[in-house]
Number of protein chains: 2
Amino acid sequence: MSLPHALLTSLLEKPSSGLELAHRFSKSIGYFWQASHQQIYRELVRLEEAGWVQSSADEGARGRKRTYEVLPAGKAELKRWMALPSEHKNLRDEMMVRIRAAAVVGPDGLADGLKQRLASHREQLALYRAIHKKDFEGKKETRAMVLQRRILEVGIEYERQYVAFCEDVLKELGEA
Amino acid sequence: MSLPHALLTSLLEKPSSGLELAHRFSKSIGYFWQASHQQIYRELVRLEEAGWVQSSADEGARGRKRTYEVLPAGKAELKRWMALPSEHKNLRDEMMVRIRAAAVVGPDGLADGLKQRLASHREQLALYRAIHKKDFEGKKETRAMVLQRRILEVGIEYERQYVAFCEDVLKELGEA
DNA sequence: TTTGACATGTAACCCGTTACATGATTTT
DNA sequence: AAAATCATGTAACGGGTTACATGTCAAA
């Protein structure tokens with residue numbers, strides 16, 4: 001459960017409102033940790049109750065922008081959390097279950113789904129590569145940038161792998 | 001949500017009890033779809049209510065082995081589900097959030113967690129490679145085996161990537 | 001002044017997790 | 001007969017998702 005700490009990180013980078021955070025989560029951070037705006041609003045309330053962040057604007061001002069910033073206690077909490085061990089979660093992918101099912105009930109209809117996934121992963125791969133080019137190529141790198149680049153490259157390699165996988169399976173099914 | 005269909009697939013391969021399924025989920029299938037025994041028992045009840053599977057043994061026989069097998073309606077449901085499009089989920093990894101946090105609050109203590117992850121991914125990689133060797137190398141492959149092998153290879157490539165990633169980050173932190 | 005975009009929320013549901021409880025079977 | 005193991009559950013909780021509701025502000 002790292003949403004609260006992802007939010008603290010994002011707010012330390014730049015104090016923001018809930019919706020701004022939601023937008024940012026659909027990009028950069030969100031490539032490895034997704035969150036909907038409902039989740040974010042819920043969590044921001046908790047962060048404030050915990051005394052980790054502070055929001056501008058009066059109570060009960062529904063519809064009016066509310067900007068959050070991190071308090072010292074929040075930064076301390078983030079430091080503490082950052083040093084915790086993080087669990088190795090296995091991959092979890094419906095497509096693999098579908099392919100295994102296909103081995104039992106026959107592959108009719110499997111190819112369509114695979115083609116969609118192939119297109120989707122190609123798109124994601126192109127997006128990651130574009131970001132890589134824009135943000136990292138031909139620039140002098142700071143310490144922090146090296147790490148961000150490596151994170152992105154994990155994403156790139158994963159998508160590359162997946163594209164090749166879909167292509168292979170389609171070929172095996174005689175559909176490409 | 002593919003647990004029910006993962007169970008149907010597994011039960012079609014071989015009629016089993018809940019615990020047997022749980023054991024099997026901690027291996028092969030579970031490499032891409034994990035489930036605890038509590039989840040499995042809960043789901044098996046639903047599958048039976050839906051008329052997709054049938055269990056041996058009388059009602060209310062707590063503690064006595066209960067074997068499930070798939071009914072025709074269950075096989076039909078699996079066929080239907082298998083042909084649905086499956087969503088592309090982005091990666092989701094706490095470690096990436098931690099590294100990003102480290103860029104903001106400093107990397108103190110990050111290396112320990114990374115070393116643990118490195119060890120864990122190396123272990124998983126070794127396991128996958130052992131399975132690959134045992135199940136696929138030097139054997140004549142059926143249609144279904146090719147697909148199972150490719151699924152495993154996605155896992156292998158992912159773990160390989162991750163090991164390299166941990167090593168790189170540790171190096172960058174001056175810890176390896 | 002109405003429309004659309006921006007912004008914040010509420011409520012319900014389901015899956016996955018954790019902790020615990022209980023019955024049956026085999027082994028010592 | 002006691003202990004260990006196999007096997008099936010129950011209950012509570014929390015995060016993630018979906019659908020919906022409400023308020024503000026700027027532009028047409």
Side-chain angles (χ1 to χ4, degrees), chain A residues 1-8 10-11 15-26 29-30 32-50 53-68 81 86-94 97, chain B residues 1-8 10-11 15-26 29-30 32-50 53-68 81 86-94 97:
Chain A
M1 209 278 287
S2 43
L3 179 57
H5 302 92
L7 291 173
L8 287 173
S10 203
L11 287 174
S16 319
S17 68
L19 207 61
E20 283 165 353
L21 287 166
H23 289 321
R24 228 176 312 157
F25 263 72
S26 69
I29 307 177
F32 288 93
W33 203 269
Q34 304 83 43
S36 65
H37 73 99
Q38 293 94 330
Q39 256 182 293
I40 290 172
Y41 285 124
R42 186 207 267 164
E43 202 59 45
L44 284 171
V45 171
R46 288 178 191 162
L47 292 182
E48 191 158 28
E49 283 169 0
V53 303
Q54 194 177 30
S55 71
S56 71
D58 345 303
E59 308 262 325
R62 189 174 187 147
R64 287 238 300 292
K65 189 167 174 173
R66 176 182 291 253
T67 302
Y68 288 83
W81 175 85
S86 69
E87 221 182 329
H88 171 179
K89 295 272 193 180
N90 279 341
L91 293 174
R92 202 176 177 81
D93 194 323
E94 285 197 2
V97 181
Chain B
M1 210 279 287
S2 43
L3 178 57
H5 302 91
L7 292 173
L8 287 173
S10 203
L11 287 175
S16 318
S17 69
L19 207 62
E20 284 166 353
L21 286 166
H23 289 321
R24 226 173 316 155
F25 263 72
S26 70
I29 306 176
F32 288 94
W33 203 269
Q34 304 83 40
S36 65
H37 72 99
Q38 293 91 332
Q39 254 183 295
I40 290 171
Y41 284 124
R42 186 206 267 162
E43 202 61 45
L44 284 172
V45 171
R46 289 178 190 160
L47 292 182
E48 190 157 27
E49 282 169 1
V53 302
Q54 194 177 29
S55 71
S56 71
D58 347 302
E59 308 261 325
R62 189 174 185 146
R64 288 239 299 293
K65 189 167 173 173
R66 175 182 292 254
T67 302
Y68 289 83
W81 174 84
S86 68
E87 222 182 328
H88 172 179
K89 295 271 194 180
N90 279 341
L91 292 175
R92 202 176 177 80
D93 195 323
E94 285 197 3
V97 181

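Naming convention: chains lettered A, B, ... in sequence-line order (proteins, then strands); numbering from 1 in each chain.
Among D:dT17, C:dT8, C:dG16, the nucleotide with an atom closest to any side-chain atom of B:K89 is D:dT17. Here the nucleotide nearest the side chain of B:L19, chosen from D:dG16, D:dG15, D:dA7, is D:dA7.
Listed by chain and residue number, A:Q38, A:Q39 satisfy the side chain to side chain contact (heavy atoms under 4.5 Å, CB included) test with A:S36 (two or more places apart in sequence, or in another chain). Taking B:F25 as the reference, nothing meets the ring-ring contact (aromatic ring centres under 6.0 Å, His included) condition, with sequence neighbours excluded. Checked against side chain to side chain contact (heavy atoms under 4.5 Å, CB included), A:S55 has the following partners two or more places apart in sequence or in another chain: A:E48, A:R66, A:Y68. Looking at residues two or more places apart in sequence or on another chain, you find a side chain to side chain contact (heavy atoms under 4.5 Å, CB included) between A:R92 and B:W33, B:Q34. The side chain to side chain contact (heavy atoms under 4.5 Å, CB included) test applied to B:S17 returns B:L19, B:E20, B:K65, not counting sequence neighbours.
A:R66 has no side-chain polar atom (N or O) that falls below the 4.0 Å cut-off from OP1 or OP2 of C:dC6.
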Please encode protein proximity along nucleotides 18-28 of chain D as a string of B, S and -, counting only heavy-atom distances under 4.0 Å. BB-BBBSS---
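For residues 32-45 of chain B, the salt bridge (Lys or Arg N to Asp or Glu O under 4.0 Å) pairs, not counting sequence neighbours, are B:E43-B:R46.
Between A:L44 and A:L11 there is a side-chain heavy-atom pair separated by less than 4.5 Å.
Taking five base pairs at each end of the helix from C:dT1-D:dA28 to C:dT28-D:dA1 and finding the rotation axis that steps the C1' atoms of four pairs onto the next four gives two axes whose angle is 0°, to the nearest 10°.
The base of D:dG14 has none of its N or O atoms less than 3.5 Å from a complementary donor or acceptor on the side chain of A:R42.
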